[in-house]
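First comes the structure, then the notes that go with it.
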Amino acid sequence: MLSAMVRPSAERSIPRLSHRFMRRLPVFVLAGCLAGPALAQIDLRITVPAAPGGAWDQTAHAIEHALVESGTARSVGVINIPGGRGTSGFAEFVSRPAGEPNRLIVLGLPMLAGLARAKPSLAIESATPVARLTAEYFAIAVPAESPIATARDLAEALRGDPAKVTLGGGALGSVDHVLAALLAKAAGAEPARLAYAPFFGPGEMIAALVEGKVAAAIGSLRQFEEQLAAGRLRLIGISSSERLEGVEVPTLIEQGIGLELANWRGVLGPAGMTAAEREVLVETIDRMVRTPLWQAIRRKKGWRDAYLAGDDFAAFLRREQARVTDALRSVGLAK
């Protein structure tokens with residue numbers, strides 16, 4: 001079912017166009033922007049390919065709030081279309097007719113995993129990359145009394161026999177499963193022989209880990225916080241490229257495992273956009289991420305800054321889709 005949530009917003013003062021954007025505009029367009037204030041603001045609609053309340057929904061409403069309150073957009077509406085790990089909302093978004101350029105869809109790493117397992121006709125290339133915004137990183141935890149002291153120990157155990165080292169995480173084909181497959185490969189093991197235990201909720205997974213039913217588990221830092229504080233679990237590695245501020249846990253890379261993976265979030269525009277239409281969306285998001293309001297929202301949510309826009313984001317998406325697809329293929333979940 002499609003549910004729409006549109007928050008009305010009042011007209012606001014128009015922000016100045018960036019010099020980089022102004023230089024790129026033809027003279028007649030630039031004159032129009034200066035003469036007609038409405039052209040400096042847009043009415044934007046954001047599709048969330050998930051139910052209300054989750055990380056993608058929170059991202060969409062954070063964008064909405066930052067754009068409207070800073071005067072970067074005139075109005076922003078948010079529409080939730082859950083189902084298919086994001087692919088249902090993505091299919092609806094890309095199937096809309098041309099002529100509606102002021103639209104965005106929120107996506108992230110789980111979307112790429114979902115598309116890798118979807119019909120071949122549904123591909124990330126069906127939309128236009130606009131920007132990557134934030135990132136969270138994966139943590140690997142073990143029981144407090146586990147003989148596995150480091151991520152290097154875990155890699156060595158996987159290399160010895162991956163079928164004897166059970167890794168817990170989210171559902172089959174989830175981003176946790178992607179990291180498990182990439183970890184096995186980086187360790188020199190065969191991902192196809194990986195013993196992966198899927199759980200449909202963090203509580204169930206963490207209980208299994210505390211009880212020693214799995215050797216290690218993959219999740220977010222927040223998921224492990226309570227049991228870490230209670231001394232029942234230990235963290236042995238983080239999937240970031242560099243140590244995270246305030247997190248005294250070495251990265252996988254520090255431990256000789258050449259693997260970095262972020263649970264990032266970003267936005268795409270519709271396909272078939274003109275260069276000028278795409279530039280409007282890119283510049284709108286660019287102005288938003290530079291506002292103190294967006295930075296304050298991001299910090300409050302605990303989201304790491306991962307801003308990457310336009311062509312750079314497009315290149316990242318191509319590499320990331322290939323990596324995710326290969327990882328799921330290696331465990332028999334993608335063709």
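All residue numbers refer to positions in the sequence shown, counting from 1.
A salt bridge does not link Glu226 with Arg232: none of the charged nitrogens is closer than 4.0 Å to a carboxylate oxygen. Using a cutoff of 4.0 Å between basic side-chain nitrogens and carboxylate oxygens, Arg132 and Asp312 are not scored as salt-bridged. Ionic pairing of Arg323 and Glu320 is present here: one or more N-O contacts between side-chain nitrogen and carboxylate oxygen are shorter than 4.0 angstrom.
The number of heavy-atom neighbours closer than 6.0 Å to CD of Glu100, taken from other residues, nucleotides and ligands shown, is above 12. Annotation for Glu156: atom CD counts as buried by contact number, over 12 foreign heavy atoms lying within 6.0 Å. Within a 6.0 Å sphere centred on CZ of Arg117, heavy atoms belonging to other residues, nucleotides or ligands number more than 12.
The ring pair (Phe, Tyr, Trp, His ring centres under 6.0 Å) search around Tyr196 returns His177, not counting sequence neighbours.
Note that CG of Leu133 is 5.0 Å distant from CE of Met288, once rounded to the nearest 0.5 Å. Taking CD1 of Ile79 as the reference point, atom CD of Glu92 lies at 7.5 Å (rounded to 0.5 Å). Atom CH2 in Trp303 sits 10.0 Å away from atom CZ in Arg298 (nearest 0.5 Å).
For the ring pair (Phe, Tyr, Trp, His ring centres under 6.0 Å) condition, no pair includes a residue of residues 270-299, sequence neighbours left out.
When the options Val48, Ile46, Val106 are evaluated for a side chain to side chain contact (heavy atoms under 4.5 Å, CB included) with Asp57, the one that passes is Val48.
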